[in-house]
Q: 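This structure is in structure tokens; I'll ask about it shortly.
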Amino acid sequence: MTDSKYFTTTKKGEIFELKAELNSDKKEKKKEAVKKVIASMTVGKDVSALFPDVVNCMQTDNLELKKLVYLYLMNYAKSQPDMAIMAVNTFVKDCEDPNPLIRALAVRTMGCIRVDKITEYLCEPLRKCLKDEDPYVRKTAAVCVAKLHDINAQLVEDQGFLDTLKDLISDSNPMVVANAVAALSEIAESHPSSNLLDLNPQSINKLLTALNECTEWGQIFILDCLANYTPKDDREAQSICERVTPRLSHANSAVVLSAVKVLMKFMEMLSKDLDYYGTLLKKLAPPLVTLLSAEPELQYVALRNINLIVQKRPEILKHEMKVFFVKYNDPIYVKLEKLDIMIRLASQANIAQVLAELKEYATEVDVDFVRKAVRAIGRCAIKVEQSAERCVSTLLDLIQTKVNYVVQEAIVVIKDIFRKYPNKYESVIATLCENLDSLDEPEARAAMIWIVGEYAERIDNADELLESFLEGFHDESTQVQLQLLTAIVKLFLKKPTETQELVQQVLSLATQDSDNPDLRDRGYIYWRLLSTDPVAAKEVVLAEKPLISEETDLIEPTLLDELICYIGTLASVYHKPPSAFVEGGRGVVHKSLPPRTASSESTESPETAPAGAPSGEQPDVIPAQGDLLGDLLNLDLGPPVSGPPLATSSVQMGAVDLLGGGLDSLIGGPNFVTPPAAAVPANLGAPMGSGLSDLFDLTSGVGTLSGSYVAPKAVWLPAMKAKGLEISGTFTRQVGSISMDLQLTNKALQVMTDFAIQFNRNSFGLAPAAPLQVHAPLSPNQTVEISLPLNTVGSVMKMEPLNNLQVAVKNNIDVFYFSTLYPLHILFVEDGKMDRQMFLATWKDIPNENEAQFQIRDCPLNTEAVSSRLQSSNIFTVAKRNVEGQDMLYQSLKLTNGIWVLAELRIQPGNPNFMLSLKCRAPEVSQHVYQAYETILKN
């Protein structure tokens, strides 16, 4: 017999046979046939031709057969919508079957058939199942509503299914509650503006009751829903925490992480003085440690989440250092993550242990791990001053091993140690210079060049060393070229007679022979500086460097707060907000931690700095060395050391705030003392006068004189708290000057005199510009109005919230303290209008993750009124256009400390809700700018 039989298709015959079997009178034969059909379908054969025959088999009491037919139906309904309508009657009938399993099966399958034509026929059966007596049917129907909403949202709303779902939250069965919450959360995510999950203390109580009894996935849905709730005060937050804490001992790691998320969020509202706060910290550590005994993939997810938790609250795991020690059989991704957390937890108490471990790791075979371990030793030195000496000697031991990549990493971290502890460990430079020839990585070469340039006066042959790098200048990476240029200029300024040829050579290489704009610009700046005023060049290039900060790789605080709200999700593994990786961004809502309640805020006295803020003078924080803009001229372009940390925090995020205090001080912006005429070289006068001031459009951006919106006075200090003195007040900004308008009322029985006022350090350096003058004694029941002028040159300390101002008022009776929130728009300056080109360039330059979106609701104004009202508060419209019937206003504003905020305001004529997008290098400001918009437009 030939092989031709394999090529004669039996497809028709096979389908024909199955058709005959499906129409057989014998139940067993029918069941076998349907199984064969499902098997063919599973391996990818097209059996859609059997659709009517399979649908006929639905009319059966056999549950197994019914399941198989429903499975077939789900698969082929989309390709055969007209045929699928034949099955509708059976669904309707099955939804009234006495067996609850069949009712649930019918409603589940209905939700999976994504065919528009059928959807409306399914509403009646679904409505019955939502009110079914059996909880299994109700819980299945709840999920079906979410599926139906995805197919046809309007239909679900019109049929009133959403209200039924909300009622199911009060259901007696915990699984029904969990599924209702899951469905509502799913719908709410795709429609962020709809307030579906309108949670209140009563519904929260029901959810917490259901939490104890439902399955693990039900618990996760409920916990995620609780995490979106903001308690009204710290007592409610504590009571929720107490009821969620038992979930920490659950066997499912997803439940544990969801519970941790809820607790981390609500802890924000608890006062640190509470006994319960300490207890909660202790309870959070064991479950997190337990997660680390799972398989490596789970460990990694746990470690990424722990990394966030440790940055927010290091005290939770400060005694658990040993669990983060690396095991020999850990995969590399787990090792690297553990290493990162070890550094974050390193402190004076455990540094000896940590260093011993790290030294051990530096001799491992895995190159990536060894590199990170060497870097970690350097980070320990910078973080824990007492350990610096041991760290440096450990690094020198490692350099002696002569292992190439170890040496290179050690040189990179030693450069940072020099920056942190100047004039302390420079004796090791000789050892470093011995290893010059073995450096082949750009970062290590750049670090070594920086060391040679910075300490040229201590290195006899510095010129020869730098000259050896210069030979292959064009083959070097940009990072090395920039560093080499700066180092040779430093060397020239320290030893001018010996290195003149060398500096000319590098300047011509950087300017005439290079096509890299960064390198050329820096070369020309140095050339101009050296040729016009060598004294100024010396002051600029050899200026004292600010100390580097301890933790340069911390996640920016507002992003960290948002990521804490996403613990246990992909965002917490990527360490990016969902908007950064969810395509289209549909339904991505920016989350943030709840604000601290009044009771927890008042426990901090006006003098306590927020966590992490060092006491005494705050060192300037500067960006990492690899950052070209930050490294520009190795200068701190921002305001002087006492300047606001907000400007510096924007530096840390990536680049010098080019539009902020930096260039303003070069072109005579605010707070800048113009140098005497002699100091400005004649040939530089013209470009500085015309070019830069035009660039920033400083003349045309002056605001109107009408003054910005002034809020009505509020009581800041009630009489009962201040022995009879009541203080009400508000803040104003008129023609560029800020004042605090106060109303003092004496409700005591004695005369009040000798008034004085003082502000604590605050985020924007607000301080009284004159003493508080109450000209006559304040008699009982007398009120006096005073306007206290303010300036922004006071001491700076980042507050929580950002616009918090702590005030002390003294009189002949006592000293009284209170705190108030000032509206941010009093800090919007009059020269905040940005040039269009500059606006465009800056908008593109600011990273997308710094963009925040808000909705301004119920604002009746039209576009012109909005623009003019905002302009009177120094929010300037740079450009306006109409896109698809929407008015788009592009706006800019500038804060007193030089931070620029760019805005896009979308207004749909006839719609009172506006969309506001804000971009800023210091994203923590955005929330407060949005509040300023709300305040100005609604009053």
Side-chain angles (χ1 to χ4, degrees), residues 659-660 670 696-712 730-738 764 802-803 821-836 838-840 842-843 846 851-883 886-923 925-939:
L659 305 173
F696 284 90
D697 194 11
L698 292 181
T699 45
S700 60
V702 177
T704 52
L705 300 183
S706 59
S708 58
Y709 164 73
V710 180
T730 186
F731 294 91
T732 63
R733 183 183 186 94
Q734 296 286 343
V735 201
S737 52
I738 307 170
F764 292 89
L802 213 56
N803 56 340
L821 301 177
Y822 49 89
L824 210 66
H825 66 261
I826 62 165
L827 303 173
F828 299 171
V829 296
E830 282 64 24
D831 64 343
K833 185 168 186 180
M834 193 182 270
D835 171 69
R836 280 183 181 208
M838 184 59 71
F839 183 96
L840 255 174
T842 311
W843 185 277
I846 296 174
E851 184 173 350
Q853 297 197 330
F854 305 95
Q855 190 173 37
I856 299 172
R857 293 172 178 275
D858 307 323
C859 181
L861 304 176
N862 64 18
T863 308
E864 295 309 319
V866 165
S867 184
S868 97
R869 187 172 288 193
L870 291 171
Q871 175 140 343
S872 65
S873 289
N874 295 335
I875 300 174
F876 299 96
T877 301
V878 175
K880 175 188 163 188
R881 62 195 183 111
N882 188 289
V883 181
Q886 278 192 335
D887 287 333
M888 317 279 270
L889 296 182
Y890 298 95
Q891 299 177 316
S892 70
L893 63 97
K894 182 174 159 191
L895 297 169
T896 47
N897 61 356
I899 284 182
W900 286 87
V901 180
L902 311 187
E904 176 192 81
L905 189 60
R906 270 177 282 169
I907 301 173
Q908 178 92 43
N911 182 351
N913 298 340
F914 305 163
M915 282 305 295
L916 175 68
S917 299
L918 295 175
K919 261 194 168 189
C920 175
R921 293 190 193 280
V925 174
S926 299
Q927 179 67 33
H928 302 280
V929 172
Y930 155 65
Q931 285 162 1
Y933 265 83
E934 283 254 288
T935 308
I936 296 163
L937 292 176
K938 291 188 180 177
N939 293 289

Q: Do L895 and L824 come within less than 4.5 Å of each other through their side chains, counting heavy atoms only?
A: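 Yes, close enough: below the 4.5 Å cut-off.
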Q: Apply side-chain hydrogen bond (donor to acceptor under 3.5 Å, both in side chains) to residues R881 and Y890 and explain how you reach the verdict.
A: CA-CA 9 Å; R881 62 195 183 111; Y890 298 95; 3.1 Å; yes
Q: Under the 3.5 angstrom rule, does the side chain of Q891 hit a backbone N or O of I875 as a donor-acceptor pair?
A: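 Not a single qualifying donor-acceptor pair exists.
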Q: In Å and rounded to the nearest 0.5 Å, what is the OG1 to CZ distance from T896 to F828?
A: 10.0 Å
Q: Apply the test side chain to side chain contact (heavy atoms under 4.5 Å, CB included) to residues R906 and Q853: give CA-CA distance (whole Å), side-chain angles for both, the deciding distance (0.1 Å), then the verdict.
A: CA-CA 11 Å; R906 270 177 282 169; Q853 297 197 330; 4.0 Å; yes
Q: Any donor and acceptor pair, going by atom type alone, linking the side chain of T842 with main-chain N or O of M838 inside 3.5 Å?
A: yes
Q: Please find the pair of heavy atoms, one from R733 and one from N874, that lie closest to each other, and give the distance.
A: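 Residues R733 and N874, closest heavy atoms: NE-ND2, 3.6 Å.
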Q: Donor-acceptor pair, distance only, cut-off 3.5 Å: does the side chain of T730 make one with the backbone of A711?
A: yes
Q: State the CD-SG distance between E934 and C859, to the nearest 0.5 angstrom.
A: 8.5 Å
Q: Nearest heavy-atom pair of S892 and G832: which atoms, and what distance?
A: OG-O, 2.6 Å
Q: Could you report the tightest heavy-atom contact between L916 and A903, atom names first, then the distance?
A: CD1-CB, 4.1 Å
Q: Could you give the distance from OH (Y933) to CG (L905), rounded to the nearest 0.5 Å?
A: 6.0 Å
Q: Quick one: CD1 on I936 to OG on S872, what's the gap to the nearest 0.5 Å?
A: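 The OG atom of S872 is 7.0 Å from CD1 of I936, to the nearest 0.5 Å.
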Q: Starting at CD1 of I738, measure out to CD1 of I826 and round the result to the nearest 0.5 Å.
A: 5.0 Å
Q: Please report the shortest heavy-atom distance between P823 and F731, naming the atom on each side.
A: CD-CD1, 3.8 Å
Q: Is the closest basic N to carboxylate O distance between R869 and E864 below 4.0 Å?
A: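 Result for this pair is no, no salt bridge flagged.
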Q: Please walk me through it: do L870 and T877 pass side chain to side chain contact (heavy atoms under 4.5 Å, CB included)?
A: CA-CA 8 Å; L870 291 171; T877 301; 6.0 Å; no
Q: Is there a side chain to side chain contact (heavy atoms under 4.5 Å, CB included) between L861 and K938? Walk through the geometry before answering.
A: CA-CA 9 Å; L861 304 176; K938 291 188 180 177; over 6 Å; no
Q: Under a 3.5 Å distance rule, please check whether K919 uses its side chain to pair with a backbone N or O of I846 as donor and acceptor.
A: yes
Q: In terms of side-chain geometry, is the basic nitrogen of D831 or K894 positioned less than 4.0 Å from the acidic oxygen of its partner?
A: yes
Q: May I ask you to decide if D858's main-chain N or O and N913's side chain share a donor-acceptor pair within less than 3.5 Å?
A: yes
Q: Could you pull out the closest heavy-atom pair between V883 and M888, with the gap in Å?
A: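 Closest pair (atom of V883, atom of M888, distance): CG2-CG, 3.9 Å.
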Q: Considering all heavy atoms of both residues, which atom of P909 and which atom of D887 are nearest to each other, and what is their separation?
A: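 Result for this residue pair: CG-OD2, 4.4 Å.
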Q: For a 4.5 angstrom cut-off between non-hydrogen side-chain atoms, does V929 reach C920?
A: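 No, side chains not in contact.
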Q: Measuring from L902:CG to R921:CZ, what's the distance to the nearest 0.5 Å?
A: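 Between atom CG of L902 and atom CZ of R921 there are 8.5 Å.
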Q: Apply side chain to side chain contact (heavy atoms under 4.5 Å, CB included) to the pair I907 and V866, showing each step before the final yes or no.
A: CA-CA 10 Å; I907 301 173; V866 165; 4.2 Å; yes
Q: Would you call the rings of H825 and Y709 parallel, tilted or perpendicular, taking 30° and 60° as the class edges?
A: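 The arrangement is tilted - the two ring planes meet at 30° to 60°.
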